Amino acid sequence: FFAPPPSWPGLAAAMSWSCPRCTRANPLYANACQACGGPRPYGGARPYQPRFPAAVQGQVLQGQVLQGGAMPRSYHPGMPVMQGQVLPGYRPGQVVQGQVVQGRAMPATASRDMPGGTQQARVALNGRRRSVLVGINYYGTSSQLSGCVNDVLRIQPLLQKLGFPDDPDSQMVLLDDGSTPQQPTMANIRAAIDWLVAGASTGDAFFFHYSGHGGRVTREDGYHETLCPMDMDASGMLYDNELFDRLVKPLPSGCRLTCIMDCCHSGGILDLPYLFTGTEDNLKKALAGEAVQMVISRNWIADMSAWHDGNPAALLQDAAGLGLQLWDLYGKYKNSQGANDAGFRTEESGNVGLAVGEVIAITGCRSDQTSADVGNVSGHFDLQPTARTGAGGALTCAFIEAVERTLGAQAPSYFELLEGIRQKLSKEGFSQVPQLASSLLVDLNCPFSVDTICLPAQAGADGAKSMGGGSGGVGGGGGGGGAAAGFMNALAAAPVGLQMLQAAGGGGGGESGGA
């Protein structure tokens, strides 16, 4: 964050990024153009190059380590799509965006322990099972990916093991390789979502998996996150607010939707009200350790030696990179503020209470990050033999590996599953940090499942009680005990819901509901 003296030719350009709209050079710390206000492209990466040479394996692409040909699943409207772009000046051993370029990977996220306490009761769902799977490789375009179709083919067998049938009445698959009756166009994706939730009732369980490009579009108060259909150039992109209205909002109380969103900028892709960020105290400790690791991981001695030899570029690049990383850590800390005792923060306050079905979304990364398209997953993930080779998405493969490892045994908690996926990706050198968002406040200490719902915490015979210091009723969409009681009453009002409550020992409605 300082301008190099004129006597150091070329360094000013290395310490800035160029706006694609007006071509002005902006300092590295600026997230938007200081002249026209245009957004900073790809975190400041340089213009598109069609492929990366083999010699740069281990260097950094959009914050991702180039291992097995990792490329970002990111699309920005009006911008050249990046495939294989390598940021200039990075060296093996250097830390970029929380990752060591070569060698041991530094944790990209804090380990956050969930507070102790009694788990909420969960109720099994015995209704319909439906799923929609979308995989888009964008064949023949400048934004072509490699592993999205494979992701869908890998997750299909897992869904069967989890009790989701694959017959046409229960599962709709949209791929752009010509192997499915319908391709993932804008119109067909919308129709598939409408089909998925049509007639949804208490006791049903749904699953939605998307693997493809994700985008980010500026709006007055921030950004819209988007999905990118195969015909996005003609039909546009599918915005987060439409996904909430079309996929989340129609679901009634007592049903469940699980979403796996393997794309860039996916943290807020469904506009769900709540985002798990972790508790503030645990995050402070973890971020302090991460900041120390950022400092000691750089080769300052070599940088100073090069400086004395008349080459200050390495030192300046390390100093600038460290500043950006520390700023990113500060952003993580700020994001943790406002979380309740269970680590949930209200992300979309306008949608609190609008969704009464239980929706859990595990996304590939934060909204400001990219998700990796890995050239060959066999070097990173321990998958079943039929799914072990070929390209694939980092999140999809990590999720499948984590769930399959525990099939037939004690399922991990939601928190353990999320942390396991994060740690796996960090260990394999990926900087993306998967997120968990939800429509209702749920207990992440409960075992992970795709066919149960969480009942609000109860305080004995005194009625419903909210979790997390009264910041919102668990399962109730906010509003403390009243919202929790309302959720229970709405669930008990449905015949199937009343049976579910009775099976869980929760009684038959009334003011307290029971759990």
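Bear in mind the structure is a predicted one, so any value in this text is a computation, not a measurement.
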**Q** Could you please spell out the steps behind the side chain to side chain contact (heavy atoms under 4.5 Å, CB included) verdict for Asp233 and Thr141?
**A** CA-CA 11 Å; Asp233 291 338; Thr141 71; over 6 Å; no

**Q** For the residue pair Pro434 and Leu425, establish whether any side-chain heavy-atom pair is separated by less than 4.5 Å.
**A**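 Pro434 reaches Leu425 side chain to side chain.
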
**Q** Taking the side chain as every heavy atom from C-beta outward, state whether Thr396 and His209 have any pair of such atoms under 4.5 Å apart.
**A**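 The answer is yes; the side chains approach within 4.5 Å.
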
**Q** Working to the nearest 0.5 Å, report the span between CG of Asp204 and CZ of Arg128.
**A**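 Those atoms lie 4.5 Å apart.
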
**Q** Do Thr180 and Met172 come close enough that some side-chain heavy atom pair is under 4.5 Å?
**A**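 Contact flag for Thr180/Met172 side chains = no.
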
**Q** Taking the six-membered ring where the residue is Trp, are the ring centres of Tyr223 and His265 under 6.0 Å apart?
**A**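 No; His265 has its ring centre 6.0 Å or more from that of Tyr223.
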
**Q** Restricting to non-hydrogen atoms, name the atom on Val173 and the atom on Gln156 that form the minimum distance, rounded to 0.1 Å.
**A**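 Heavy atoms only, the tightest pair is CG2-NE2, 3.5 Å.
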
**Q** Between Leu417, Val433, Leu436, which is the residue that forms a side-chain contact (heavy atoms from CB on, under 4.5 Å) with Arg422?
**A**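 When side-chain contact (heavy atoms from CB on, under 4.5 Å) is applied between Arg422 and each of Leu417, Val433, Leu436, only Val433 qualifies.
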
**Q** Nearest heavy-atom pair of Gly147 and Asn137: which atoms, and what distance?
**A**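 Scanning both residues, the minimum pair turns out to be N-OD1, 3.7 Å.
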
**Q** Working note: Asp151 + Arg154, criterion side chain to side chain contact (heavy atoms under 4.5 Å, CB included); need CA distance, chi angles, decisive distance, verdict.
**A** CA-CA 5 Å; Asp151 283 345; Arg154 287 188 179 100; 3.9 Å; yes

**Q** How about Cys228 and Ile136: do any of their side-chain heavy atoms sit closer than 4.5 Å?
**A**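 A side-chain contact is absent here, since even the closest heavy-atom pair is not under 4.5 Å.
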
**Q** Indicate yes or no for a side-chain donor-acceptor contact from Lys424 to the backbone of His380 under 3.5 Å, with no hydrogens or angles considered.
**A**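 Here the side-chain-to-backbone pair exists.
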
**Q** Which value, rounded to the nearest 0.5 Å, describes the distance between Cys264 atom SG and Gln369 atom CD?
**A**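 Rounded to the nearest 0.5 Å, the SG-CD separation comes to 9.5 Å.
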
**Q** Check the pair Leu440, Cys454 against side chain to side chain contact (heavy atoms under 4.5 Å, CB included), reporting the backbone distance first and the verdict last.
**A** CA-CA 9 Å; Leu440 311 170; Cys454 193; over 6 Å; no

**Q** Of all heavy-atom pairs between Arg122 and Cys446, which one has the smallest distance, and what is that distance?
**A**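 Scanning both residues, the minimum pair turns out to be CD-CB, 3.4 Å.
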
**Q** Quick one: side-chain contact (heavy atoms from CB on, under 4.5 Å) partners of Cys263, sequence neighbours excluded?
**A**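 Listed in chain order: Tyr210, Leu227, Ser266.
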
**Q** Would a distance-only check, ignoring hydrogens and angles, find a side-chain to backbone donor-acceptor pair under 3.5 Å from Asn188 to Gln183?
**A**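 At least one qualifying donor-acceptor pair exists.
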
**Q** Name all residues meeting the ring-ring contact (aromatic ring centres under 6.0 Å, His included) criterion together with Tyr414; count only those two or more places apart in sequence or in a different chain, and write none if there are none.
**A**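 Residues passing ring-ring contact (aromatic ring centres under 6.0 Å, His included) with Tyr414: Phe448.
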
**Q** To the nearest 0.5 Å, how far apart are CZ in Phe207 and CZ in Arg256?
**A**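 Result: 9.5 Å between the selected atoms.
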
**Q** So, do Leu354 and Val248 sit near enough that their side-chain heavy atoms are less than 4.5 Å apart?
**A**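 No, their side chains stay 4.5 Å or more apart.
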
**Q** Is the closest side-chain donor-acceptor distance between Ser131 and Gln171 under 3.5 Å?
**A**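 Yes, side-chain donor-acceptor contact under 3.5 Å.
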
**Q** Would you find a donor on one side and an acceptor on the other, under 3.5 Å apart, between the side chain of Glu401 and the backbone of Asp382?
**A**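 Flag set: sc Glu401 to bb Asp382 pair under 3.5 Å.
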
**Q** Stepwise, does the side chain to side chain contact (heavy atoms under 4.5 Å, CB included) test hold for Ile189 with Leu174?
**A** CA-CA 8 Å; Ile189 293 176; Leu174 285 72; 4.1 Å; yes

**Q** Less than 4.0 Å between a side-chain N and a carboxylate O, is that true for Asp194 and Arg246?
**A**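 Here Arg246 pairs with Asp194 in a salt bridge, since their nearest N and O are under 4.0 Å apart.
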
**Q** Within the 4.5 Å heavy-atom criterion, are His213 and Ser143 side-chain neighbours or not?
**A**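 Yes, their side chains come closer than 4.5 Å.
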
**Q** For residues Gln432 and Gly364, report the shortest heavy-atom separation together with the two atoms involved.
**A**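 Gln432 and Gly364 have their closest heavy atoms at NE2-O, 3.0 Å.
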
**Q** Say you draw a straight line from CZ of Phe208 to CG of Leu247; how long is it, rounded to the nearest 0.5 Å?
**A**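 These two atoms lie 6.0 Å from each other.
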
**Q** Do you know which two heavy atoms are closest between Asp262 and Ala394, and how far apart they sit?
**A**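 The pair with the smallest heavy-atom distance is OD2-N, 4.0 Å.
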
**Q** Atom CD in Glu225, atom OG1 in Thr363: separation rounded to 0.5 Å?
**A**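 Answer for the CD-OG1 pair, Glu225 versus Thr363, is 9.5 Å.
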
**Q** Given 3.5 Å as the limit, does a donor-acceptor pair link the side chain of Asp231 with the main chain of Ala234, or not?
**A**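 Judged by distance alone, no pair lies under 3.5 Å.
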
**Q** Applying the side-chain contact (heavy atoms from CB on, under 4.5 Å) criterion to Phe164, which one of Val450, Leu133, Ile155, Leu158 satisfies it?
**A**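 The residue from Val450, Leu133, Ile155, Leu158 that satisfies side-chain contact (heavy atoms from CB on, under 4.5 Å) with Phe164 turns out to be Val450.
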
**Q** Is Glu428 close to Val374 at the side-chain level, that is, under 4.5 Å between some pair of heavy atoms?
**A**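 Of all side-chain heavy-atom pairs linking Glu428 with Val374, none is under 4.5 Å.
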
**Q** State, yes or no, whether a side-chain contact exists between Trp195 and Val132 at a heavy-atom distance under 4.5 Å.
**A**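 Yes; the side chains approach each other to less than 4.5 Å.
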
**Q** For Pro412 and Thr406, work out which heavy atoms get closest and say how close.
**A**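 That would be CD-OG1, 3.4 Å.
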
**Q** Can you name the residues that form a side-chain contact (heavy atoms from CB on, under 4.5 Å) with Asn241, not counting sequence neighbours?
**A**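 For Asn241 the side-chain contact (heavy atoms from CB on, under 4.5 Å) partners, ignoring immediate neighbours, are His224, Tyr239, Asp271.
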
**Q** When rounded to the nearest 0.5 angstrom, what is the spacing between CG in Asn150 and CG in Asp373?
**A**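 Atom-to-atom, Asn150:CG and Asp373:CG are 9.5 Å apart.
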
